[in-house]
Amino acid sequence: MAQANQRKKTGLRMQTAKHWLMKTEPDVFSIDDLARSPKHTTSWIGVRNYQARNFMRDDMRLGDKVLIYHSNAKPSCVVGTAVVVKASHPDHSSWDPKSPYFDPKSSPENPRWQMVDVQLETVFNRPLSLPELREETVLENMLLLKKGMRLSVQPVTKQEFSKIVQMGKRG
DNA sequence: GCCAACGTTGGC
DNA sequence: GCCAACGTTGGC
């Protein structure tokens, strides 16, 4: 990631938090599960895609805002927001043989996968389905809405984030 | 449950 | 390093 390399070289930090979207299957872990978690916080275990991992590892910062998205749901929808409360660290589920996310190529000595911790911020007044999001001009270029997009951690523009939060606040 | 669109693996 | 085969994601 060029921007991240630039930051490493210069020692500069992004002055403003960035915005993200993270997918979860509600049958596995829903926003309600997050609300019930201690301190409304969870480690985002189970990301097993290199591009998604690299976003977490190289670009996510403490305080970054995250849209929580329910995939494989009826309907699939954005359901709320969270905030990054711990930067990327090794995903211990990757070397746990009992975990569904076990990867034999990962170990505590040489972890292959990373995770961040996120804390629930807001649960929207109502879920925002994909068809509803597609109606918004501001969101017409949103990655989530692109055909074939299956990245489980993806960047969101500030404008997209603000629009969705505003929609979620409406009754 | 179907299947398009991806991502990964492994033979060569 | 190519690319076919396979596995996965995720909307519908």
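Convention: sequence-line order gives letters A, B, ...; per-chain numbering from 1. Note: hydrogens, waters and symmetry copies are ignored here, and every other heavy atom, side chains too, is used.
- Listed by chain and residue number, nothing satisfies the salt bridge (charged side-chain N to carboxylate O under 4.0 Å, His left out) test with A:E25 (two or more places apart in sequence, or in another chain).
- Pairs of residues two or more places apart, or lying in two chains, that qualify as salt bridge (Lys or Arg N to Asp or Glu O under 4.0 Å) and include a residue from residues 42-52 of chain A are A:R48-A:D91.
- DNA chain C is contacted by A:L130, A:R134 of residues 129-145 of chain A, taking any non-hydrogen atom closer than 4.0 Å.
- For the pair A:I164/A:F124, a side-chain contact is recorded, criterion being any heavy-atom separation below 4.5 Å from C-beta on.
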Can you pull every protein N or O that's under 3.5 Å from an N or O on nucleotides 3-8 of chain C?
{"unit_1": "C:dT8", "atom_1": "O2", "unit_2": "A:R150", "atom_2": "NH1", "d": "3.1"}

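- Rounded to an integer number of Å, the gap from A:K146 NZ to C:dT9 P is 23 Å.
- As a whole-Å value, the separation of A:K105 NZ from B:dG10 P is 6 Å.
- DNA chain B is contacted by both A:M149 and A:R112; A:M149 maps to the nucleotide lying nearer its 5′ end (nearest heavy atom per residue).
- Between A:W44 and A:F29, the angle of the ring planes goes over 60°, which puts this pair in the perpendicular group of the 30/60° scheme.
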Next on the checklist: Please evaluate residues A:D96 and A:S93 with respect to the criterion side-chain hydrogen bond (donor to acceptor under 3.5 Å, both in side chains), reporting the C-alpha separation (whole Å), side-chain torsions for both, the decisive distance (0.1 Å), and the verdict.
Outcome noted: CA-CA 5 Å; A:D96 175 4; A:S93 71; over 6 Å; no

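- For A:T157, the side-chain hydrogen bond (donor to acceptor under 3.5 Å, both in side chains) partners are A:E160, not counting sequence neighbours.
- With side-chain heavy atoms closer than 4.5 Å counting as contact, directly or through intermediates, A:W95 stands alone and belongs to no larger hydrophobic cluster.
- Listed for the A:Q154 side chain is a donor-acceptor partner under 3.5 Å among the backbone atoms of A:L151.
- Straight-line distance from the CD atom of A:Q51 to the P atom of C:dT9: 15 Å, rounded to whole Å.
- Between A:N72 atom CG and B:dG1 atom P the separation is 14 Å, expressed in whole Å.
- Residue A:K146 qualifies as enclosed at atom NZ: its count of foreign heavy atoms under 6.0 Å is above 12.
- Rounded to an integer number of Å, the gap from CG of A:N49 to P of B:dT9 is 11 Å.
- For C:dG11, one of the phosphate oxygens OP1 or OP2 lies less than 4.0 angstrom from a side-chain nitrogen or oxygen of A:S76.
- Between A:K147 and A:Y50, the residue anchored nearer the 5' end of DNA chain B, judged by the nucleotide with its closest heavy atom, is A:K147.
- Contact check, A:Y69 against C:dG11: a side-chain N or O comes under 4.0 Å of OP1 or OP2.
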